[in-house]
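Naming convention: chains lettered A, B, ... in sequence-line order (proteins, then strands); numbering from 1 in each chain.
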Number of protein chains: 4
Amino acid sequence: MSTPTETPSTPSRSRKGPTRSEVSKAAILEAARDEMAENGWRGFSVDSVAKRASASKQTIYRWWPSIGAMCVDAALALIPDAPDGGRDPQERITALIIPLEAAARTGHGHAVLRVALLAAADDKDAGEVWRAWVGRDIRQPLRMLLAELAAKRVIRRDFELDDVLEQLLGPIFHRLTISRAPVKEGFCAEQATAFLRTYAQF
Amino acid sequence: MSTPTETPSTPSRSRKGPTRSEVSKAAILEAARDEMAENGWRGFSVDSVAKRASASKQTIYRWWPSIGAMCVDAALALIPDAPDGGRDPQERITALIIPLEAAARTGHGHAVLRVALLAAADDKDAGEVWRAWVGRDIRQPLRMLLAELAAKRVIRRDFELDDVLEQLLGPIFHRLTISRAPVKEGFCAEQATAFLRTYAQF
Amino acid sequence: MSTPTETPSTPSRSRKGPTRSEVSKAAILEAARDEMAENGWRGFSVDSVAKRASASKQTIYRWWPSIGAMCVDAALALIPDAPDGGRDPQERITALIIPLEAAARTGHGHAVLRVALLAAADDKDAGEVWRAWVGRDIRQPLRMLLAELAAKRVIRRDFELDDVLEQLLGPIFHRLTISRAPVKEGFCAEQATAFLRTYAQF
Amino acid sequence: MSTPTETPSTPSRSRKGPTRSEVSKAAILEAARDEMAENGWRGFSVDSVAKRASASKQTIYRWWPSIGAMCVDAALALIPDAPDGGRDPQERITALIIPLEAAARTGHGHAVLRVALLAAADDKDAGEVWRAWVGRDIRQPLRMLLAELAAKRVIRRDFELDDVLEQLLGPIFHRLTISRAPVKEGFCAEQATAFLRTYAQF
DNA sequence: TATTAATCGAGACGGTACGTCGAGTCTTTAC
DNA sequence: GTAAAGACTCGACGTACCGTCTCGATTAATA
């Protein structure tokens with residue numbers, strides 16, 4: 001996992017009354033994933049999630065700013081942490097995006113990720129949650145890595161970080177959403193290879 | 001345009017009653033594009049389109065199997081025909097995908113294409129319409145072109161057609177949907193260049 | 001039958017083209033009766049009648065001012081002519097209303113009459129058609145008969161014709177519509193008897 | 001009034017969430033009466049009632065099994081309780097049915113009652129609601145009264161309760177629905193008189 | 001220990017939209 | 001000229017959800 005929503009860093013617990021029920025939260029996210037996989041984004045409904053999780057709609061609206069944000073959260077919970085990449089440039093780039101491949105290859109992860117991407121593209125709040133996660137877990141480490149590779153003259157310097165991000169993520173997103181084809185093992189490694197060939201220092 | 005909806009193979013007026021009103025069809029697609037740009041995919045409503053087009057919902061459901069299919073049709077009408085590519089391999093590849101760039105750079109084309117992509121990813125019928133268009137206007141010509149380039153030893157032979165398609169289309173789709181950044185002029189040309197570098201014959 | 005709508009008395013056949021198709025009319029009324037019996041008044045639809053009769057909706061609207069009027073026509077076609085009443089006052093009164101009883105006791109006549117009454121009560125045109133028929137076939141003969149009976153001192157003179165009509169017709173209409181109980185043989189005779197007892201000359 | 005809708009046999013607030021909004025209920029019935037008077041039965045629409053009452057359609061369907069049942073409820077709310085009849089047989093019979101006359105003579109009561117009767121005749125649920133009310137407020141007291149009068153030899157014994165009911169109610173229903181004539185004061189008293197003359201013990 | 005504030009489930013509420021059906025009109029082809 | 005076929009706009013159907021609100025029950029810090 002990657003701590004998608006900020007847990008409020010345990011702020012001294014000053015309020016009266018009961019605190020947030022983590023068991024409710026988990027049940028809601030679990031139910032949300034099932035509903036996402038079954039009904040897609042437009043067919044997704046808060047009522048169904050609440051009923052399936054035996055939760056109240058109010059509880060959902062209390063903790064997420066929009067249902068799209070909840071969908072993204074539910075999907076992010078499926079994405080494992082990035083592994084250590086070793087020393088090889090291709091492996092280090094692959095390591096940044098392979099958690100997505102891993103999530104897409106487990107259970108209904110493919111469908112859940114698809115709906116999360118649709119939510120991020122269609123809903124303001126969901127988009128912010130998604131881009132915040134990508135920024136922290138992929139974009140920022142990628143920026144460091146590319147700077148290092150450029151300094152070592154492994155790759156050229158004339159690239160736009162966001163263009164690279166799109167070339168690395170675009171293909172897998174296309175596969176998850178439009179073509180819906182299964183994500184083969186090694187798919188992300190291929191993208192990393194393609195990137196290095198494209199930007200290789202000649 | 002690229003004749004998105006099939007013209008009926010029997011052009012001769014054989015049935016009795018009245019025929020499809022082309023005025024209505026145009027008004028509906030126009031209204032659909034406006035609604036798509038304004039409200040996104042989940043916020044898109046048939047009622048609004050019908051009202052804006054002064055059309056009946058029945059008329060919409062009569063001619064499209066689902067609202068998603070109509071959205072894809074509405075977007076496809078924005079995409080111009082592919083230009084002639086000349087002789088240069090990079091230009092010939094670019095020519096296949098540049099109509100998408102052109103559509104994304106005109107008026108509300110960016111938003112309309114985004115919603116069409118979301119519809120294609122979220123709705124079965126819409127996905128079929130979209131993939132049918134891609135298959136005819138991009139995938140099939142691309143297959144021919146790649147076979148020719150491989151025969152001339154410009155590119156390697158060990159590629160999967162669908163992987164290439166995803167590498168060419170994925171980045172622009174990501175930009176249209178997730179990052180929502182404007183599509184710069186020459187964006188598609190860059191993808192073609194990247195592809196040729198990746199698959200260059202060494 | 002009682003010639004509910006005026007057939008134009010075979011007027012010289014001067015126009016071109018085919019004249020009104022009597023076979024169409026019969027099919028429409030037959031289909032209408034079936035639909036009335038199956039779906040009631042609020043559930044009755046012109047589309048269904050047209051489809052069942054293999055007729056065009058236009059044909060229906062061409063010949064009846066409203067669907068209610070058509071329903072009343074369809075029901076009136078079920079009502080036989082009044083029999084000759086003989087000399088007995090009770091029998092003569094019974095004879096005026098017994099056609100309704102007869103119609104209500106055949107096939108789906110009960111349901112058809114119910115819907116016709118609902119149409120007559122709910123639709124302006126239907127009401128006029130119904131009241132025209134009642135006026136000609138019941139009210140007018142009843143007026144003559146009551147005048148004769150009053151002259152012979154069989155009944156009192158202080159009655160309102162319309163009150164009498166309501167006392168004679170109200171019970172059978174109530175049975176057809178609200179209670180939906182079967183109309184027993186002799187039901188109308190009982191009403192006639194009750195009327196004579198009520199207005200008997202003492 | 002006569003408590004048309006069943007008060008729930010469990011008066012104690014046992015369930016969790018909110019209870020039925022009586023404000024909404026009153027607004028809906030009021031709006032329904034207006035719509036009934038304006039548009040009749042076939043022209044009556046739930047959408048219009050909801051809009052006029054500033055209520056949601058869902059709220060209507062939550063509490064009534066059908067729109068017809070709601071129409072009957074709306075009309076029953078106009079009918080006052082039966083007065084005390086005194087000792088005179090004619091007055092005691094009149095007292096049972098005079099609430100209908102009273103309702104029919106106030107404001108748009110005539111039209112509202114008409115539509116309620118049409119609903120009761122055309123819609124299963126509405127018919128049940130109507131017959132339940134008639135059974136409790138008219139038929140049952142009438143049965144007791146007639147038994148008493150028969151025991152006192154005021155009337156004959158050979159009558160069918162439902163036939164009597166039809167003779168008492170049929171005329172006023174005919175007037176409300178088919179003839180649409182105003183209900184004169186004393187109309188119900190006349191029916192009671194007619195009944196007593198008809199069934200008088202000779 | 002009692003009070004109090006926040007949480008939770010359940011679900012009613014006013015609304016908007018769904019996809020279908022029907023009304024009444026109009027247009028086209030067949031006879 | 002009449003009829004079948006059926007497309008058209010418009011409006012209503014009964015259902016599903018949205019996001020908000022209210023209710024009784026529960027839970028934990030405060031008094």
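- With the nearest nucleotide of DNA chain F identified for both A/Ser48 and C/Ala55, C/Ala55 has the one nearer the 5' end.
- In this model, a side-chain donor or acceptor of A/Lys57 finds a partner on the base of F/dG19 within 3.5 Å.
- In this structure, D/Lys51 atom NZ and E/dA17 atom P are separated by 12 Å, rounded to whole Å.
- Of all heavy-atom pairs between C/Ile67 and D/Arg42, the closest is CD1-NH1, 3.2 Å.
- Checking C/Val46 against D/Thr59, the closest nucleotide of DNA chain E that is more toward the 5' end is the one next to D/Thr59.
- Atom-to-atom, OH of A/Tyr61 to P of E/dA10 comes out at 17 Å; the value is rounded to the nearest Å.
- With E/dG14, E/dA23, F/dT20 as the choices, the nucleotide that has an atom nearest any side-chain atom of D/Arg42 turns out to be E/dA23.
- If you take CG of A/Asn39 and C1' of F/dC18, they are 16 Å apart, rounded to a whole angstrom.
- Looking at heavy-atom distances under 4.0 Å, D/Ala50 makes no contact with the nucleic acid at all.
- In this structure, B/Ser24 reaches the F/dT9 phosphate: one of its side-chain N or O atoms is under 4.0 Å from OP1 or OP2.
- Within the structure, every side-chain polar atom (N or O) of A/Thr19 is placed at least 4.0 Å from both OP1 and OP2 of E/dA6.
- Of the charged side-chain nitrogens involved, none lies within less than 4.0 Å of a carboxylate oxygen, so that C/Arg33 and C/Glu38 do not count as a salt-bridged pair.
- When every heavy atom of B/Met36 is checked against every heavy atom of B/Ala116, the shortest pair comes out as CE-N, 3.8 Å.
- Looking at heavy atoms from C-beta onward, B/Thr177 lies out of side-chain contact with B/Leu113 at the 4.5 angstrom threshold.
- Distance, B/Lys16 NZ to E/dT29 P: 12 Å, rounded to whole Å.
- Residue B/Ser56 places no side-chain N or O under 4.0 Å from the OP1 or OP2 atom of F/dA7.
- Across the interface with DNA chain F, nearest-nucleotide mapping of C/Ile28 and D/Gly43 shows C/Ile28 to be the residue nearer the 5′ end.
- Residue B/Trp63 places at least one side-chain N or O under 4.0 Å from the OP1 or OP2 atom of F/dC8.
- Taking atom CZ of residue B/Arg62 and atom P of nucleotide E/dT20, one finds them 12 Å apart after rounding to whole Å.
- What separates CH2 of B/Trp64 from C1' of E/dC18 is a distance of 18 Å, to the nearest Å.
- Looking only at side-chain heavy atoms (C-beta outward), B/Val129 and B/Trp64 stay at 4.5 Å or farther from each other.
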